[in-house]
Amino acid sequence: MFPLHRGRRLRTNESIRSLVRETSLSPSDFMFPMFIAEGENYKVEIPSMPGIFRRSIDLTVEEVKEIFALGIRAVNIYVKVSENLKDNEGNEAWNPNGLMQNAIRAIKAACPEMIVMPDVALDPYSIYGHDGIITNGDVENDSTNAALVKMAVSHAQAGADFLAPSDMMDGRVLRLREGLDAAGFHNVGIMSYSAKYASAFYGPFRDALDSAPVDATEIPKDKKTYQMDYANRIEAIKEALWDVEEGADMVMVKPGIAYLDIVREVKNAVNVPVTVYHVSGEYAMIKAAAERGWLDNDKIMMEQLMCIKRAGASLISTYFAKEAAILLNK
């Protein structure tokens, strides 16, 4: 009689394994983060992120068309702002003819069905590299929220489908929802970075945008006063629930693979889609190990993406989106 239950019967070959597989991936599960720079016909690889580039708007549009053809239906866009346009208040962030606003218009004109989710935070526009306005040596919450509303409305006016506030200010989802509705943008959604941890995995991203906090004695040296302590779990659930109550259409957990326990906890707690950001450091580690022959890039890539989906992600923001979509389409 022993063993009565033989789990290996369902693992005999790939055909049976595919029949009983609990989780699946498709290109429509991915969102591609893209970095946009000034200029024309400009494309520069980010040294710490092999295969990922800063592109001018014209080349960004071409890349968007290509990934849409692969089945990817969302992009999360970031801009590298010229130093002369930065200040403490982030005024360039709501310039109707700014780089972000022009990029949104260009992408939507060229590929109307691509869902465009611009980043909403002041760090690319800040002389200090922080996500908000510095007042008396700290990031001031409520004045930052007021600036984020102006930024968000300008994105909506340019044609954004969803806004992606990544700043972690308290109450900003409610303020954004109120501001969008007051401006007539009832159908523009909010994908809130609800559980964004103060993580060392963001290093390559900050290289890409030159958005790391500057070293100055009069300001916080890092982002730990607003991004979450990575030792905390219950706090992530609380933050996600608050954002849903304030009007978030989707919530995000960031980083990804190192925080799958948080992904599952948040998924179990909320009744909206959960997005997971498979961040730059997680991408860079795989690329570095693969370049040295220590890991198989494609196998590790697909395993990690599958694990993020299995943990509860409805959408995965990942620098592997294009590579994974090509592999899945084969």
Side-chain angles (χ1 to χ4, degrees), residues 23 25-37 42-56 59-60 62-64 66-72 74-80 117 119 123-124 164 166 193 196-212 223 227 230 252-260 262-263 275-311 313 315-330:
T23 308
L25 281 173
S26 74
S28 62
D29 291 323
F30 305 139
M31 176 163 60
F32 193 29
M34 304 186 77
F35 300 114
I36 303 170
Y42 175 85
K43 178 181 175 182
V44 173
E45 188 173 37
I46 298 161
S48 54
M49 300 175 70
I52 301 298
F53 299 84
R54 296 190 201 104
R55 292 179 173 87
S56 52
L59 297 187
T60 297
E62 294 306 310
E63 181 76 350
V64 167
E66 187 174 336
I67 64 173
F68 189 84
L70 292 170
I72 296 168
V75 291
N76 187 203
I77 58 175
Y78 303 84
V79 292
K80 187 179 188 306
M117 300 192 190
D119 179 56
D123 51 329
S166 63
Y193 288 56
K196 181 179 180 181
Y197 285 84
S199 171
F201 282 110
Y202 305 150
F205 175 94
R206 291 173 182 166
D207 291 343
L209 291 185
D210 189 24
S211 61
K223 301 189 177 187
Q227 294 179 358
Y230 58 71
M252 177 185 275
V253 175
K254 180 181 182 184
I257 202 70
Y259 291 77
L260 295 186
I262 306 301
V263 176
T275 304
V276 175
Y277 203 142
H278 193 215
V279 298
S280 59
E282 295 169 319
Y283 174 89
M285 289 193 300
I286 294 175
K287 288 297 181 184
E291 285 177 359
R292 288 160 177 78
W294 297 341
L295 292 174
D296 183 302
N297 180 86
D298 291 355
K299 289 180 179 179
I300 294 294
M301 169 182 74
M302 298 308 293
E303 182 177 345
Q304 289 204 356
L305 293 173
M306 187 70 79
C307 290
I308 293 170
K309 180 82 179 290
R310 187 194 65 213
L315 180 64
I316 304 170
S317 184
T318 175
Y319 301 98
F320 284 115
K322 185 177 180 181
E323 280 185 72
I326 291 170
L327 200 59
L328 287 168
N329 287 333
K330 290 179 180 178

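Since the model is a prediction, treat every value here as computed from it, not as a measurement. Heavy atoms only: backbone and side chains are in, while hydrogens, waters and symmetry mates are out.
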- Task: For N329, check side-chain hydrogen bond (donor to acceptor under 3.5 Å, both in side chains) against everything at least two apart and list the hits.
- Result: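 Applying side-chain hydrogen bond (donor to acceptor under 3.5 Å, both in side chains) to N329 gives none.
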By salt bridge (charged side-chain N to carboxylate O under 4.0 Å, His left out) - contacts of [X] (at least two apart):
X	value
E282	none
E303	none
R55	E63

If you look at every heavy atom in [X] and [Y], which pair is closest and at what distance?
X	Y	value
Y42	A37	CE2-CB, 3.7 Å
S48	A284	O-CB, 3.3 Å
F35	I46	CD1-CD1, 3.4 Å
L305	A324	CD1-CB, 3.6 Å
G256	V276	CA-CG1, 3.5 Å
V263	A313	CG1-N, 4.1 Å

Rounded to the nearest 0.5 Å, what separates atom [atom1] in [X] from atom [atom2] in [Y]?
X	Y	atom1	atom2	result
Q304	T318	CD	OG1	8.5 Å
T60	I77	OG1	CD1	8.5 Å
Y277	I316	OH	CD1	13.0 Å
S317	F30	OG	CZ	11.0 Å
I326	I67	CD1	CD1	10.5 Å
Y319	M49	OH	CE	4.5 Å

Within-4.5 Å side-chain heavy-atom neighbours: [X] and [Y]:
X	Y	value
M302	L328	yes
F68	V75	no
P124	Y78	no
P27	L70	no

- Once the angle between the rings of Y283 and F320 is folded into 0 to 90°, is it parallel (under 30°), tilted (30 to 60°) or perpendicular (over 60°)? tilted
- Message: Under 4.0 Å between a side-chain nitrogen and a carboxylate oxygen: does that hold for E323 and K287?
- Response: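 A salt bridge links E323 with K287.
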- Does any N or O in the side chain of T23 come within less than 3.5 Å of the main-chain N or O of R310, such that one atom is a donor and the other an acceptor?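 No; zero donor-acceptor contacts below 3.5 Å.
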- Message: Has K254 got a side-chain atom pairing as donor or acceptor with V279's backbone, closer than 3.5 angstrom?
- Response: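 No; judged by distance alone, with no hydrogens or angles, the pair does not exist.
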- How would you list, by chain and number, every residue that makes a side-chain contact (heavy atoms from CB on, under 4.5 Å) with E291, sequence neighbours excluded? P50
- Message: If you count every heavy atom of other residues, nucleotides or ligands that lies below 6.0 Å from Y230 atom OH, does the total exceed 12?
- Response: no
- Partners meeting ring-ring contact (aromatic ring centres under 6.0 Å, His included) with Y193 (sequence neighbours left out): none
